[in-house]
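One structure is given below, encoded as structure tokens.
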Amino acid sequence: MNGPPAPAGKLPVHVLTGFLGAGKTSLLRRLLASPALADTAVLINEFGEVGLDHLLVEAVDEDIVLLKSGCVCCTVRTDLKDGLVNLMERRRHGTLPPFARVVLETTGIADPGPIVTTLIADPMLRHQFRLGGIVTVVDVPNGVGNLASFPESLRQVAAADRLAISKSDLASPGEAAMLAARLSALNPSAALVTLLPDEAPDIALLLADPADEAHRAAEVRRWIEAAAVREGGWRFHGHAAHEAGRHGDIRAFVIRAEAPLAWPRFALWLSMLLNRHGGEILRLKGLLSIESIAEPVVIQGVQHLVHAPEHLKAWPEGVHGTQIVMIARRLDPALVQRSFDAFVGSGKAQ
Ligand SMILES: Nc1nc2c(ncn2[C@@H]2O[C@H](COP(=O)(O)OP(=O)(O)OP(=O)(O)O)[C@@H](O)[C@H]2O)c(=O)[nH]1
């Protein structure tokens with residue numbers, strides 16, 4: 001099996017999502033104040049009017065504005081693809097300043113799945129762009145309620161690489177801690193960052209790029225450590241079982257295998273699983289040990305879509321064997337384990 005082509009030349013598109021009013025635009029505005037992010041194009045995917053006045057300096061045309069930071073901002077009221085193609089065209093023709101990355105701020109009720117699918121699977125886009133990180137903003141006052149009431153909020157949290165907790169200044173430390181616990185139970189593999197009103201947000205929220213080898217190795221290590229810490233919670237005994245029910249039966253679980261996997265069998269199993277249950281699998285991250293390949297292979301997926309596998313240069317210290325973290329709705333971990341055992345080997349769902 002070969003890894004994906006080098007991402008050089010493709011522009012990363014970072015997705016910034018979060019429920020209505022969670023604080024996406026506020027975070028973006030604060031991030032873009034950093035000179036390190038000046039060469040950023042911003043796509044805002046909104047329904048209806050867009051309140052960009054606070055960001056605006058100069059209107060380039062009716063859809064595109066130049067922000068104070070020098071970033072370009074484009075409001076996409078039609079289609080994500082049109083917006084991205086349009087940005088690239090203008091960059092090529094020199095009517096927009098060159099930019100090194102795109103940040104897409106989604107609507108508050110967006111399901112990130114189709115956005116990710118468009119970015120990765122569209123034949124035109126995938127030659128020019130690649131998916132960067134997915135950052136989801138969740139606010140303390142409303143976060144727990146939104147997760148209980150709106151499936152979109154759950155999907156946004158499940159898809160995240162990084163979860164940013166906003167508005168902790170508007171709630172008690174206890175409420176903030178409760179939200180943090182809820183978020184790490186739902187998506188143990190995402191890094192959790194609390195935004196502080198008086199401190200500039202860390203630009204790594206956007207710049208920590210999954211295509212960077214050192215970053216990827218650190219991320220993998222974190223998922224695995226999170227898996228070890230959260231394993232009790234993931235079985236949903238006691239309190240966790242109660243929480244799982246309140247989250248529309250979303251569960252995170254791990255499949256492990258000690259022996260190296262035969263890639264063709266694994267790939268067949270995964271495509272069958274996603275074909276049958278892709279709608280229920282919100283997020284999938286795995287570190288695979290593959291026969292005849294010394295280095296570990298990383299796979300990542302959001303719903304039906306799995307990114308091209310990537311090779312790490314070495315196994316993270318103390319980590320060995322296949323470990324696949326899945327966040328899924330109404331999917332019995334025992335069923336997944338049985339099918340994994342039958343098709344791939346003697347993996348064990350934890
Ligand atoms: N106190 C406080 N207010 C915040 C914080 N973050 C955002 N806000 C306020 O919350 C409101 C909504 O913030 P936005 O950044 O517009 O949220 P959004 O997620 O972009 O909103 P939509 O695009 O409408 O979904 C604004 O009035 C912000 O000033 C925070 O950390 N603390």
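Just so it is clear, the model here is predicted, and its values are computed rather than measured. For ligands, and for the atoms within them, numbers begin at 1 and follow the listed sequence.
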Tell me whether Ala22 reaches ligand 1 (any heavy atom closer than 4.0 angstrom to a ligand atom).
yes
Is the count of non-hydrogen atoms from other residues, nucleotides or ligands lying under 6.0 Å from Met272 atom CE greater than 12?
yes
Please could you name the atoms of ligand 1 that Asp169 approaches to less than 4.0 Å, counting only its heavy atoms?
1 (N), 2 (C), 30 (C), 31 (O), 32 (N)
Sub-3.5 Å N/O-N/O distance, Ser166 and ligand 1
no
Between Glu152 and Arg155, is the closest basic N to carboxylate O distance under 4.0 Å?
no
Examine distances only and state if a side-chain atom of Thr322 and a backbone atom of Ser289 form a donor-acceptor pair shorter than 3.5 Å.
yes
At a non-hydrogen distance cut-off of under 4.0 Å, which region of Asp139 contacts ligand 1 (side chain, backbone, both, or neither)?
neither
Just going by heavy-atom distances, which of Lys24, Lys167, Arg29 is nearest to atom 31 (O) of ligand 1?
Lys167
Calculate, to the nearest 0.5 Å, the distance between atoms CG and CD belonging to Leu16 and Gln156 respectively.
10.0 Å
What atoms of ligand 1 come within less than 4.0 Å of a heavy atom belonging to Leu170?
1 (N), 2 (C)
For ligand 1, which atoms sit closer than 4.0 Å to a heavy atom of Glu105?
20 (O), 23 (O)
Any chance the side chains of Asn187 and Ser189 put a donor and an acceptor closer than 3.5 Å?
yes
Could you list which atoms of ligand 1 come closer than 4.0 Å to a heavy atom of Gly23?
7 (C), 13 (O), 14 (P), 15 (O), 17 (O), 18 (P), 19 (O)
Provide the closest heavy-atom pair for Pro12 versus Gly132 in the form atom of the first, atom of the second, distance.
CB-CA, 4.3 Å
Is Leu195 near ligand 1, meaning one of its heavy atoms is under 4.0 Å from it?
no
Please classify the Thr25 to ligand 1 contact at 4.0 Å (heavy-atom distances, strictly less than): side chain, backbone, both or neither.
both
Does a side chain donor of either Glu175 or Ser172 reach within less than 3.5 Å of an acceptor in the other side chain?
yes
